[in-house]
Amino acid sequence: MTSAIESGLLPGTSEIRPEGLAVGGVPLTELAHRFGTPLFVYDEEYLRRRCREAVAAFGRDNVAYASKAFLCTAMARLAHEEGLLLDVASGGELRVALHAGVPADRIVLHGNNKDEAELRTAMSARVRHLVVDSFDEMDRIERLHAEEHLPPARIQLRVAPGVAAGAHEAIRTGGNDSKFGFGLAGGTAAAAVRRAAGSPAMVLEGVHAHVGSQVLDTAELAAGAAAIARFAADTRMHRLTVGGGLGVAYEAGQTAPSFAEWAARVRTAVRDAGWNSSVTVEPGRSIAARAGLTLYRVGTIKRIEGVRTYVGVDGGMSDNLRPALYGSRYEVFLPRSPRASRPVRARLVGKHCESGDVIVDDAALPADVAVGDLLATPVTGAYGYAMASNYNKLPRPAVVFVRDGRARLVVRRETEEDLLRLDVDESAGLPGPGLVQRSGAGAAQCVGTS
């Protein structure tokens, strides 16, 4: 690839100015100077536009933002303001949604192994519904209802429809061999319906399925929807959720279906399967991905004659784990010259102590790329910051929203002091001789005395 970066990979309000690319009316070079790098930049207007497109396609109460793609207080508020429900997948995500002011009856809690604390919080808050994933979870719900007198939980049952889709095996979730849900095969899902319907601790409202992520062929999403719709119709459910999974374009030449195309295909599939009511969906990546990009600063360029060129930046797998985890591919460009051709091939790498710390394996770059340059990877709004870590004790990046010529910090950059915040300082009272015992395979434990 020697051509300029494709405009279809950039956030929706992107524009080229003399000083380079601007998003939301703010030059990227200015954002890097003001907030530092690495930096996640989100086009707020484009986020809102994507939310509105999803609601227009499926209906106000039929779209739940899959917050695992990207969540912070500001994002939760934005999705709620645009009429979306919030789909959360842990007690931590639930806490953020509630803290953002999202009403509990606009929140759906997922998770294949919810613990009692998560269930207790959700049941006490009276979330819209729990997506129940196992008989063990039913046991916990019934125990909380009986012993702690918590209100009955409104639930949907997650069903594995036997249809798996997605760009990588690790993100295919709907097959028979999956940790998620009750399988249609063998009657497990039917048994779950009977158990839930007969329990005083649960109000069974419907069924849910999800076949996988980064799906670019709506026929695959429709096949999963049809399978679960047949089951929902046969068991006389009131509600049907067919999950998310709609993919996005990450590289030049890729295209992705629109929300309208997805909705039309799904509606036809479920109608043909005997389901004549509304359908709920849970988009995440397709809302957040293209809205975000990541800014880095080039720190090293290493040319190995006859082998390859390495370009090292000040981030890496701690702010974008997807290439190492899924083999995901990205494009890269220089914000100062987004129209420049990119004839140089290089491996774009991070600063972590891992050979696998690769952001783009075979990146196309302008010929004049130099140490100190600002560099951007587009379409990183989903599962970038959400999967960020402190590997090698790197502080996680800041996140800014840009709109109408203004930038607002929504997640501050971590500091080195933050990295020490959870450590327990033992200097005030180290265990004395004889107070260390071992349990298990060489594990040291400290015990106290009274």
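Quick caveat: nothing in here was measured; it's all calculated off a predicted structure.
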Keeping the roles fixed (side chain from R290, backbone from G8), state whether a donor-acceptor pair exists under 3.5 Å.
yes
Between A226 and A273, which heavy-atom pair has the shortest distance, and what is it?
O-CB, 3.6 Å
Test of ring centre spacing under 6.0 Å for F70 and Y383
no
Do the rings of H352 and Y391 sit parallel, tilted or perpendicular, given the 30° and 60° boundaries?
parallel
With a sphere of 6.0 Å drawn around CZ of R77, does it hold more than 12 non-hydrogen atoms of other residues, nucleotides or ligands?
yes
Given side-chain hydrogen bond (donor to acceptor under 3.5 Å, both in side chains), test T294 with T380 step by step and report yes or no.
CA-CA 6 Å; T294 311; T380 57; 2.7 Å; yes
Ring centroids only, cut at 6.0 angstrom: are H110 and H210 within range, meaning strictly under it?
no
Positive for side-chain contact (heavy atoms from CB on, under 4.5 Å) with Y296, one of D319, V332, L39, L374
D319
Closest heavy-atom pair and its distance - I287, M75
CG2-CE, 4.4 Å
Could you check whether atom CZ of R308 has more than 12 heavy atoms from other residues, nucleotides or ligands sitting under 6.0 Å from it?
yes
Pair R52 + E45: basic N to acidic O under 4.0 Å:
yes
Between R336 and D368, is there a side-chain N and carboxylate O pair less than 4.0 Å apart?
yes
On the six-membered ring of F58, is R267 placed so that its NZ or CZ lies under 6.0 angstrom from the centre and within 45° of the ring axis?
yes
Quick one: closest heavy-atom pair of S67 and E93, and the distance?
OG-OE1, 3.5 Å
Counting only heavy atoms not in R239, do more than 12 sit closer than 6.0 Å to its CZ atom?
no
Could you walk me through whether Y310 and R303 pass side-chain hydrogen bond (donor to acceptor under 3.5 Å, both in side chains), step by step?
CA-CA 6 Å; Y310 286 87; R303 296 178 177 86; over 6 Å; no
Minimal heavy-atom distance between A263 and A57, with the atoms involved, is CB-O, 3.7 Å
